*Asks:* 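Structure provided below as structure tokens; questions to follow.
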Amino acid sequence: KKALDKMTSKEEEESSDDEHGSTYNEESDSDDDFEKQSSSSSDNDSEGTDESKLQIVESSAREWSKTTNSDLPAKKASMVSKYLHTDDISSDEEENMENNTIGRVPLHWYDAYDHIGYKIDGSKVLKKNGPDRIDITIRNAEKHGIKTIFDMYNNKEVVLSERDLELIRRIQMGAIAHPEHDDTPDYSDYYSSIKEVMPLSAAPEPKRRFVPSKWETMRVMKILKAIKEGTYKVGDSAIEKKSKALVDAYMIWKEDEDEILSESKRYKFHLPAPKMPLPGHAESYNPPPEYLLTEEEKQSYDDMDPEERPHNFIPKSHTCLRHVGGYGNFLKERFERCLDLYLCPRKLKHRLNIDPETLIPRLPRPRELKPFPNTLCLQFLGHTGAVRSLSLSPDGQYFASGGDDGTVRLWEVDTCLCRYIWSLGGGPVVAVAWNPSPDAYQHHLLAAAVGKWVVLIATGTAEEDGSEVTESQLAAVEKLATSGDEETGCNELDEVKDGGLEDDDKEVSKVKKGSKPTWKICSSDTQERRHGAVVGPRVRLEFTEAVLSVVWHYKGDYLASLTASSGSDSVSIHQISKAKSQMPFAKSPGKVQALSFHPSRPFLFVVTQQHVKVFHLVEQTLVKKLMSGCKWLSSLDVHPSGDHVIVGSYDRRVVWFDLDLSSAPYKTLKFHEKAVRNIQFHKRYPLMASGSDDGNVHVFHSMVYSDLTRNPLIVPLKVLKGHEVVGGIGIFSIAFHPRQPWIFTAGADGIINLFQDI
């Protein structure tokens, strides 16, 4: 105890050297006296006094244990930290009338003024030329322990005390600002874990805990009775009874689809009202000149119905915003907006989170769909003009072509050799068609449309047996043509009735007298003999109008022709074996563009300008009318199965029809850039192609399934290029090889290209 007293007296002498030390000693003495008084007042006996003195000495020893024999500033800092007992951070700055009240406003805003703000009473805080930083540094160096800073907002100097400096030093060092703060206090066990002997309530147990409940007895008896009667149900609670009692209550305006969402999402999801559209340029007080109405536009605006007007006001231009007058319809529009929000219900709609890739079936890759024509292999040169039509023989060894040079040329496919050239001399050859009769009864005949004629040409490509069949048939036709029999000519009795349906151009006309096609024998100037048969043009049919197209029946005995006439005589059907022709229509079917026979049934497809009509030749009725949706149709082809039809149009579309599905298009393809001239199915392979005036041929994979539940698969395969566009026309005709995945194309440049699969 004596040693501690000596240490305390020595430290007090050292602390007296500082100019402020006396003040601190006085404060410490006063604090010690206060502590002594408090300790003496709590216990008056001598033992209590000794224990309190010992605690004071031990606390002072702990507080000064950090003090070392260092220099005076370190001792001063420790002494300062000792007397930081209170968190005296409150100030009277809010009550100071001299402080600036502008807040955190940049002072450079007041650079052009003689003041820097205002006091609480409204008077100005004038600027003062305070000392610069050099003067402040020199002054701080001269005065030990005094730090002065300049408050720019209040334009005055502030002297930092030792307490402020100590707080700043501790904050810079990362320590707690107040040294007396104990961040690890001793734990006080307010709620003890020791179980007490006496409980909180020592009241005796009530009698009701030992006596059976009468209410429970009644409830049990009631349940037993219900079980015996078989009317007891598990889970039959009061809540369920209450819900059953409210079954008759229901929402009047609730729809079926809202039954699930009525309870779960009625009050959980807020449906915000739709926002009003943002104002546009026309609603500006100074709109652009193009939004201002002229006198004529104002007159037309006044003549419109209020519902058809684009705006409820006439745009006006003002020089400034204050010149804008009041809006007359403001209250009306606000009221209508309130009515919309009040009367129009809002409904929560389900958004289907579906991946688009799952909706679109995955198309196979083109390399998985081989074979298909993809490479230009051969070119057939010889025509001096555009090649308008192509037709291949049923065996695929030969094909015929007709062009603007007025010739029909017979080519060998393998060697590119031109076997025959027949000059018909009646103008350009617009169509050629090879007889598609089966191989066992094949007639090697070729029908060519030249001017007003349809010429039947014996090709001479058959062997001796085939030549005899063709020769016998043509000889019978020539005999009937020269005999002048009444059966030869046109038969007007067998007419197809269209059931009263109106045609496209709404023209109705009867068969004109003198419009019968006549059968005549061709001259022998262009004929020659091969295997004992005459090769070349044999018989021709003469019409009163130019012939546009010819098409064979799949059996090879009937030939249909299309002329440029707009009446009912534009379509005629000719029987080769009897040299007889007939007009199937009593009135005009419309502006006919193309014809085609069904591959297995007695149907005739007639392509008009916008529709495709299917006629039954035996029953003489209109079976179906297909709506294409195109402006002008150009060509048609029927799938070998007979259940699907494709149509090309001059408005760059290819339309696919499923006859068993609907009269509307199943698929509309838009791949070409110009008019589609010709379109065709392959007879054996699932291929389809279309030729256009852009000089390209698009080849598609077109798989038709026998299963009626599966839709046809259409996949683009290849774009074939090889023709030049001449006079705005690219490709006139295309034709598939009957046995190979090859395609022949004929264009306006006079070239015939053969594309093969390589």
Side-chain angles (χ1 to χ4, degrees), residues 15-31 34 71-181 183 284-286 318-324:
S15 61
S16 63
D17 296 335
D18 186 48
E19 57 184 4
H20 298 287
S22 61
T23 304
Y24 296 141
N25 289 332
E26 293 174 0
E27 294 176 358
S28 62
D29 293 337
S30 62
D31 293 341
F34 177 77
D71 52 355
L72 183 60
K75 295 180 180 179
K76 185 192 295 184
S78 62
M79 293 179 66
V80 170
S81 63
K82 175 181 178 181
Y83 294 102
L84 292 178
H85 294 295
T86 59
D87 189 9
D88 190 12
I89 60 175
S90 62
S91 64
D92 56 350
E93 292 182 356
E94 297 180 356
E95 300 177 358
N96 192 351
M97 304 294 291
E98 300 297 329
N99 288 344
N100 198 349
T101 60
I102 61 173
R104 292 298 180 182
V105 175
L107 291 180
H108 65 83
W109 289 5
Y110 293 91
D111 290 346
Y113 302 96
D114 58 347
H115 62 282
I116 58 174
Y118 300 91
K119 300 178 183 179
I120 194 171
D121 58 353
S123 59
K124 297 180 180 180
V125 180
L126 300 179
K127 292 181 179 179
K128 295 180 181 180
N129 295 327
D132 55 5
R133 295 183 178 179
I134 298 176
D135 297 338
I136 294 174
T137 305
I138 295 173
R139 184 173 55 192
N140 292 339
E142 293 176 353
K143 297 179 180 180
H144 298 286
I146 299 177
K147 298 294 182 179
T148 305
I149 61 174
F150 183 73
D151 187 1
M152 294 184 293
Y153 278 87
N154 296 313
N155 202 2
K156 64 181 181 180
E157 294 181 353
V158 179
V159 179
L160 299 179
S161 63
E162 294 294 336
R163 176 179 178 277
D164 297 334
L165 294 176
E166 179 64 16
L167 291 176
I168 295 172
R169 184 186 67 81
R170 292 183 64 85
I171 292 173
Q172 289 178 348
M173 294 175 61
I176 299 175
H178 301 285
E180 70 277 3
H181 175 73
D183 57 344
S284 174
Y285 73 92
N286 188 15
H318 303 276
T319 56
C320 59
L321 188 59
R322 67 173 178 269
H323 290 172
V324 180

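None of the values given here were measured: they were computed from a predicted structure.
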*Asks:* Might you point out which heavy atoms bring Ile102 and Tyr110 nearest each other, and give the distance in Å?
*Replies:*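 Where Ile102 meets Tyr110 most closely, the heavy atoms are CG2-OH, 3.6 Å.
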*Asks:* Any side-chain donor-acceptor pair under 3.5 Å between Asp121 and Ser123?
*Replies:*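 Yes, Ser123 and Asp121 have a side-chain donor paired with an acceptor closer than 3.5 Å.
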*Asks:* Any side-chain heavy atom of Leu126 within less than 4.5 Å of one from Asn155?
*Replies:*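 No, too far: nothing below the 4.5 Å cut-off.
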*Asks:* Is a side-chain donor or acceptor of Arg170 paired with a backbone partner of Ile176 at a separation under 3.5 angstrom?
*Replies:*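 Yes: the side chain of Arg170 pairs with the backbone of Ile176.
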*Asks:* Does Tyr153 have any ring-ring contact (aromatic ring centres under 6.0 Å, His included) partners at least two apart in sequence or in another chain, and if so, which?
*Replies:*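 Partners of Tyr153 by the ring-ring contact (aromatic ring centres under 6.0 Å, His included) criterion come out as none, since no residue qualifies.
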*Asks:* Among all residues two or more places apart in sequence or in another chain, which pass the side chain to side chain donor-acceptor pair (under 3.5 Å) test with His318?
*Replies:*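 If we apply the side chain to side chain donor-acceptor pair (under 3.5 Å) test to His318, skipping adjacent residues, there are no hits.
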*Asks:* Indicate yes or no: at least one non-hydrogen side-chain atom of Met152 is less than 4.5 angstrom from one of Leu107.
*Replies:*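 Answer yes - side chains close enough.
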*Asks:* Are any of the side-chain nitrogens in Arg169 or Glu166 under 4.0 Å away from the carboxylate oxygens of its partner?
*Replies:*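 Here Arg169 pairs with Glu166 in a salt bridge, since their nearest N and O are under 4.0 Å apart.
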*Asks:* Using only atom types and a distance under 3.5 Å, with no angle test, would you say the side chain of Lys127 pairs donor to acceptor with the backbone of Tyr113?
*Replies:*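 Looks like yes, one N/O pair under 3.5 Å.
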*Asks:* Looking only at heavy atoms, which two atoms of Asn100 and Asn154 are closest? And how far apart?
*Replies:*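 Nearest pair, atom of Asn100 first, then Asn154: N-OD1, 2.6 Å.
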*Asks:* Return the minimal non-hydrogen interatomic distance between Lys124 and Asp114, and the atom names on each side.
*Replies:*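 For Lys124 versus Asp114, the nearest heavy atoms are NZ-OD1, 4.4 Å.
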*Asks:* Side-chain contact test, heavy atoms from C-beta onward, threshold under 4.5 Å: evaluate it for Thr319 versus Asn286 and give yes or no.
*Replies:*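 They are not in contact (no side-chain heavy atoms under 4.5 Å apart), so the answer is no.
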*Asks:* Could you tell me which non-hydrogen atom of Val324 sits nearest to which non-hydrogen atom of Tyr285, and how far apart they are?
*Replies:*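 The pair with the smallest heavy-atom distance is CG2-CB, 3.5 Å.
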*Asks:* Ala177 and Leu167: which non-hydrogen atoms are nearest, and at how many Å?
*Replies:*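 In this case the closest contact between Ala177 and Leu167 is O-CD2, 3.3 Å.
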